[in-house]
Amino acid sequence: MALYSETVMDHFRNPRNVGVIEDADGVGEVGNAKCGDIMKIYLKIEGDIITDVKFETFGCGSAIASSSMATEMIKGKPISQALDLTNQAVAQALDGLPAHKLHCSVLAEEAIKAALKDYCDRSGIPYDPAQFPDCGSCEGCHV
């Protein structure tokens, strides 16, 4: 069996939604150099819909593929669906990740939630802090 699925390789070689949204409504950044991966997600939201999403990721192929897939999974969706996105769903959509790379899908989930929290904070939208738990995958991951 190959280490990475064709879907992972496709999203690594041809990542979707790469870039920056200059006037983003929400921005989330997670990871640090000690963890080896840094993800930054930018959201454009109109009403309750994520109309655009971009990412910048510094990291391995699994991190890039996870960022790409996660952005595809929330683009055009309501905020509530983006909040429900799990790292397991990202990994499954990629047709699996090696066990030692599952943290990449966790970072993708956390970056999206960090961007959504930033959107709520900027917009003065109340939220339940339990919606935005820390990932706990490594000390100091959240920027």
Side-chain angles (χ1 to χ4, degrees), residues 4-143:
Y4 296 107
S5 71
E6 284 300 315
T7 307
V8 170
M9 294 307 297
D10 180 44
H11 277 268
F12 168 64
R13 291 183 184 128
N14 307 293
R16 285 67 152 178
N17 307 307
V18 175
V20 175
I21 300 174
E22 293 297 336
D23 60 342
D25 296 312
V27 179
E29 185 172 340
V30 297
N32 69 28
K34 283 195 271 183
C35 296
D37 299 307
I38 300 171
M39 293 182 185
K40 193 167 189 177
I41 301 281
Y42 303 84
L43 300 175
K44 195 70 179 164
I45 300 172
E46 293 178 21
D48 188 322
I49 304 297
I50 298 169
T51 57
D52 198 10
V53 56
K54 302 280 187 212
F55 78 90
E56 295 178 300
T57 294
F58 174 81
C60 66
S62 294
I64 293 166
S66 293
S67 299
S68 175
M69 180 58 81
T71 60
E72 285 287 280
M73 294 174 78
I74 66 166
K75 193 173 191 176
K77 302 284 195 258
I79 292 169
S80 60
Q81 284 185 21
L83 275 172
D84 288 340
L85 182 71
T86 65
N87 72 294
Q88 294 94 340
V90 173
Q92 183 177 15
L94 288 168
D95 296 324
L97 287 170
H100 67 284
K101 293 295 183 177
L102 281 174
H103 70 279
C104 296
S105 63
V106 171
L107 287 175
E109 173 190 346
E110 292 298 320
I112 288 169
K113 288 185 177 168
L116 289 167
K117 181 181 182 299
D118 182 55
Y119 166 72
C120 289
D121 289 342
R122 290 182 191 204
S123 303
I125 298 170
Y127 57 85
D128 178 359
Q131 289 178 300
F132 305 104
D134 289 337
C135 74
S137 63
C138 64
E139 190 170 320
C141 257
H142 293 279
V143 175

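Below, all heavy atoms of this structure are taken into account, side chains as well, without hydrogens, waters or symmetry copies.
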Nearest 0.5 Å, please: how far is [atom2] in [Y] from [atom1] in [X]?
| X | Y | atom1 | atom2 | result |
| --- | --- | --- | --- | --- |
| Phe12 | Cys60 | CZ | SG | 9.0 Å |
| Lys40 | Lys54 | NZ | NZ | 15.5 Å |
| Leu94 | Cys104 | CG | SG | 10.0 Å |
| Glu56 | Ile41 | CD | CD1 | 10.0 Å |
| Leu97 | Leu102 | CG | CG | 5.5 Å |
| Asp84 | Gln131 | CG | CD | 9.0 Å |

Q) Under the salt bridge (charged side-chain N to carboxylate O under 4.0 Å, His left out) test, which residues partner Lys44, sequence neighbours left out? A) Asp23, Asp25

**Q.** Residues in salt bridge (charged side-chain N to carboxylate O under 4.0 Å, His left out) contact with Arg122, at least two apart in sequence or another chain
**A.** Asp118

Q.
On a heavy-atom basis, which atom in Ser5 and which in Gly96 lie closest, and how many Å separate them?
A. OG-O, 4.2 Å

Q: Taking all heavy atoms of Ala82 and all of Ile112, pick out the closest pair and write down the distance.
A: O-CG2, 4.2 Å

Would a 4.5 Å heavy-atom cut-off, applied to side chains only, mark [X] and [Y] as touching?
| X | Y | answer |
| --- | --- | --- |
| Ile74 | Leu43 | yes |
| Lys77 | Ile49 | no |
| Tyr127 | Leu116 | no |
| Glu72 | His11 | yes |
| Thr57 | Asp37 | no |

Q. More than 12 foreign heavy atoms under 6.0 Å from CD of Gln92: is that the case here?
A. no

(Q) One pair to check against side-chain contact (heavy atoms from CB on, under 4.5 Å): Glu109 and Leu85. What are the steps and the verdict? (A) CA-CA 7 Å; Glu109 173 190 346; Leu85 182 71; 5.5 Å; no

Q.
Please evaluate residues Val30 and Val106 with respect to the criterion side-chain contact (heavy atoms from CB on, under 4.5 Å), reporting the C-alpha separation (whole Å), side-chain torsions for both, the decisive distance (0.1 Å), and the verdict.
A. CA-CA 10 Å; Val30 297; Val106 171; over 6 Å; no

Q: List for me each residue that meets side chain to side chain donor-acceptor pair (under 3.5 Å) alongside Thr7, sequence neighbours excluded, and say none if there are none.
A: Asp95

Q: Check whether the side chains of Tyr42 and Asp52 place a donor and an acceptor atom closer than 3.5 Å, and report yes or no.
A: no

